[in-house]
Enquirer: 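Below is one structure. I have some questions about it.
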Amino acid sequence: MQQLLEQLPPSPAVWCSGLRKRYGKRAAVDGVSFTVGRGEVVGLLGPNGAGKTSVIKMLLGLVRPDDGEVLLLGRPGRDPRARARVGYLPELFRYQPWLTAAEVLALHVRLAREAVPEPEQRDVLGLVGLAERAGDRVGGFSKGMQQRLGLAVALVARPELVVLDEPTSALDPLGRVDVRDVVLSLRERGVAVLLNSHLIGEVERVCDRVVILDRGRVAAAGTLAELLGQRELRLRLTGLTPAAEARLAAVGATHRAGQDVTVTLPADDDGATVPRLVADLVGLGVQVHAVEPGRISLEERLLGILREEH
Ligand SMILES: Nc1ncnc2c1ncn2[C@@H]1O[C@H](COP(=O)(O)OP(=O)(O)OP(=O)(O)O)[C@@H](O)[C@H]1O
């Protein structure tokens, strides 16, 4: 039996099915199902009031769903053994103002019952850019510094799943880049991340998959490639010859308007198509004035999906 269990693929980091929550007459969450695989970074997007925070709170057992099931790391969401392996940065939070940053981390390590040695705790403070403030009381921290500390709290007890609710709302542009790097390094280490953010560019840069909520329901979900569809390449070229035109057509459907040429890139492009095409065009005597990706942005796609729904 044990052997059989070991052969099973690891259960997803998050699995939820049919989640529902009503507040009075209003359905805040109305049948939401999705998964976050191990080591996967999934973005939760949607307009204000779509139900994102309610979903996150139900996943973490902080709000009791009216209906639906949650499994975290293969265990029921309310199981403390599952919760101990989950790092959470809430949307709104306050740490004890009389504690220092290092003391807040030590407290959360104790709460998670994980033996994280002090140097490792200090490294986590360094990771979020608070190394020099470890001994300072949290009461004197700016909002952005509190948010960085919140991120450190979410990371410190070696979680297998990290849930970040608006992790960069108080951060300056540099801080946002730091958070992006943190998320990417979590993914590299096989830690799953569920990220709720209004910053679509941020989601687009770090997420493998996106779940779009609207009025309590999943309006769309998929990988960025699935949601954004086929990619295009826009080129500005002069000196096109029939041979160069044939080379362009070999990549995919082409559309030409004067010097501007649009080519559809193959769905399985491994990143080598564009540099090879440009090198070949130059080799064929074409002058390449501009090359730019023509993929629609996640923001455009999100607005399109939400408009269709309303
Ligand atoms: N404790 C509560 N009592 C009453 N209504 C609530 C409560 N929590 C959430 N709601 C309602 O549920 C709906 C979803 O709220 P939720 O905070 O989950 O949205 P959200 O997508 O996280 O929004 P935002 O992007 O503005 O943070 C809203 O209509 C909100 O008013």
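Remember, predicted model here, so these are calculated numbers, not experimental data.
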Enquirer: Do Val177 and Leu89 sit in the same hydrophobic cluster, where Ile, Leu, Val, Met, Phe, Trp and Tyr count as joined when their side-chain heavy atoms come under 4.5 Å apart?
Expert: no
Enquirer: Is Arg236 paired with Glu292 through a side-chain N to carboxylate O contact shorter than 4.0 Å?
Expert: no
Enquirer: Are Arg187 and Val193 close enough that some pair of their side-chain heavy atoms sits under 4.5 Å apart?
Expert: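 With C-beta onward as the side chain, the pair stays apart.
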Enquirer: Just checking Glu118: does its CD atom have more than 12 heavy atoms from other residues, nucleotides or ligands closer to it than 6.0 angstrom?
Expert: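 For Glu118, atom CD is not crowded (no more than 12 foreign heavy atoms under 6.0 Å).
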Enquirer: Nearest 0.5 Å, what's the CG-CG distance between Leu298 and Leu303?
Expert: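 Rounded to the nearest 0.5 Å, the CG-CG separation comes out at 9.5 Å.
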Enquirer: For atom NZ of Lys21, is the number of surrounding heavy atoms from other residues, nucleotides or ligands below 6.0 Å larger than 12?
Expert: yes
Enquirer: Examine distances only and state if a side-chain atom of Arg209 and a backbone atom of Thr35 form a donor-acceptor pair shorter than 3.5 Å.
Expert: yes
Enquirer: Looking only at non-hydrogen atoms, find the nearest pair between Pro97 and Arg137 and report the distance.
Expert: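 In this case the closest contact between Pro97 and Arg137 is O-CB, 3.7 Å.
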Enquirer: Take Asp178 and Leu151 through the side-chain contact (heavy atoms from CB on, under 4.5 Å) test and state the conclusion after the steps.
Expert: CA-CA 11 Å; Asp178 289 349; Leu151 186 60; over 6 Å; no
Enquirer: Measure the OG1-CZ distance between Thr241 and Arg247 for me, rounded to the nearest 0.5 Å.
Expert: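 Rounded to the nearest 0.5 Å, the OG1-CZ separation comes to 12.0 Å.
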Enquirer: If you count heavy atoms of other groups shown closer than 6.0 angstrom to CD of Glu114, is the number above 12?
Expert: yes
Enquirer: Does the side chain of Glu299 reach to within under 4.5 Å of the side chain of Glu204, using non-hydrogen atoms?
Expert: no
Enquirer: Looking only at non-hydrogen atoms, find the nearest pair between Val291 and Val274 and report the distance.
Expert: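 Here Val291 and Val274 meet closest at CG1-CG1, 4.0 Å.
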Enquirer: What do the steps show when you test Arg85 against Leu161 for side-chain contact (heavy atoms from CB on, under 4.5 Å), and what is the final call?
Expert: CA-CA 7 Å; Arg85 311 246 40 92; Leu161 163 68; over 6 Å; no
Enquirer: Would you call Asp66 and Arg20 a salt bridge, taking side-chain N to carboxylate O under 4.0 Å as the test?
Expert: no
Enquirer: For the backbone of Leu60 and the side chain of Arg83, can you confirm whether one donor and one acceptor N or O come within less than 3.5 Å of each other?
Expert: yes
Enquirer: I'd like to know whether NE2 of His255 has more than 12 heavy-atom contacts from other residues, nucleotides or ligands below 6.0 angstrom.
Expert: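 Incorrect, the count does not exceed 12.
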Enquirer: I'd like to check Val288 versus Leu237 (side-chain heavy atoms, cut-off strictly below 4.5 Å). Are they in contact?
Expert: yes
Enquirer: When rounded to the nearest 0.5 angstrom, what distance separates CG in Asp67 from CE in Met58?
Expert: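 Going from CG on Asp67 over to CE on Met58, the span is 10.0 Å.
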Enquirer: For the hydrophobic clusters of this structure (ILVMFWY residues joined by side-chain heavy atoms under 4.5 Å, transitively), does one cluster hold both Val153 and Val162?
Expert: yes
Enquirer: Grab the two heavy atoms, one from Thr238 and one from His289, that are nearest each other, plus how far apart they are.
Expert: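 Taking every non-hydrogen atom into account, OG1-NE2, 2.8 Å.
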Enquirer: Minimum heavy-atom separation for Gly87 to Pro159, with atom names?
Expert: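 Distance-wise, the nearest heavy atoms are N-CB, 3.5 Å.
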Enquirer: Side-chain contact test, heavy atoms from C-beta onward, threshold under 4.5 Å: evaluate it for Pro47 versus Asp214 and give yes or no.
Expert: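 Yes, side chains in contact.
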Enquirer: Are Val191 and Val183 in one and the same hydrophobic cluster, where Ile, Leu, Val, Met, Phe, Trp and Tyr link if side-chain heavy atoms are under 4.5 Å apart?
Expert: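 Linked within one cluster.
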Enquirer: Hey, are Arg38 and Glu160 close enough for a salt bridge, meaning a charged N less than 4.0 Å from a carboxylate O?
Expert: yes
Enquirer: Please evaluate residues Leu277 and Leu235 with respect to the criterion side-chain contact (heavy atoms from CB on, under 4.5 Å), reporting the C-alpha separation (whole Å), side-chain torsions for both, the decisive distance (0.1 Å), and the verdict.
Expert: CA-CA 11 Å; Leu277 172 67; Leu235 300 146; 4.3 Å; yes
Enquirer: Quick one: pull up CZ in Arg133 and CG in Leu149 and give me the separation to the nearest 0.5 Å.
Expert: 11.5 Å
Enquirer: Which atom names give the shortest non-hydrogen contact between Val29 and Gly51, and what distance separates them?
Expert: CG2-O, 3.9 Å
Enquirer: Would you find a donor on one side and an acceptor on the other, under 3.5 Å apart, between the side chain of Arg22 and the backbone of Lys25?
Expert: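 Such a contact is found between Arg22 side chain and Lys25 backbone.
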Enquirer: Assess the residue pair Leu59 and Leu194 against the criterion (side-chain contact (heavy atoms from CB on, under 4.5 Å)); give the C-alpha distance rounded to whole Å, side-chain angles, the decisive distance to 0.1 Å, and a yes or no.
Expert: CA-CA 11 Å; Leu59 294 179; Leu194 180 61; 3.6 Å; yes
Enquirer: Can you tell me how far apart CG (Leu281) and CG (Leu240) are? Round to the nearest 0.5 Å.
Expert: 7.5 Å
Enquirer: Using 0.5 Å steps for rounding, measure from the CG atom of Leu105 to the CG atom of Leu125.
Expert: 4.5 Å
Enquirer: Ignoring hydrogens, what is the shortest heavy-atom contact between Met145 and Leu130? Give both atom names and the distance.
Expert: O-CD1, 3.8 Å
Enquirer: Is any side-chain heavy atom of Val211 closer than 4.5 Å to a side-chain heavy atom of Val55?
Expert: no
Enquirer: Taking Leu199 as the starting point, is it possible to reach Val42 by hopping between hydrophobic residues whose side chains are less than 4.5 Å apart?
Expert: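 Val42 does not cluster with Leu199.
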Enquirer: With the side chain counted from C-beta on, respond yes when Gln96 and Leu107 share a heavy-atom pair under 4.5 Å apart, and no when they do not.
Expert: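 Heavy-atom side-chain distance check passes, below 4.5 Å.
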Enquirer: Determine whether Val116 and Val86 fall in the same hydrophobic cluster, where Ile, Leu, Val, Met, Phe, Trp and Tyr are linked whenever their side-chain heavy atoms lie under 4.5 Å apart.
Expert: no
Enquirer: Is the backbone N or O of Val41 less than 3.5 Å from a side-chain atom of Asp208, with the two atoms forming a donor-acceptor pair by type?
Expert: yes
Enquirer: With distance as the sole test, does Lys52 use its side chain to make a donor-acceptor pair with the main-chain N or O of Leu45 at under 3.5 Å?
Expert: no
Enquirer: Answer yes or no: is there a donor N or O on one side and an acceptor on the other, between the side chain of Glu120 and the main chain of Pro117, under 3.5 Å?
Expert: no
Enquirer: Do Pro167 and Leu195 make a side-chain contact, defined as non-hydrogen atoms from C-beta onward lying under 4.5 Å apart?
Expert: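 Heavy-atom side-chain distance check passes, below 4.5 Å.
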Enquirer: Is there side-chain contact between Leu62 and Tyr88, with heavy atoms separated by less than 4.5 Å?
Expert: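 Of all side-chain heavy-atom pairs linking Tyr88 with Leu62, at least one is under 4.5 Å.
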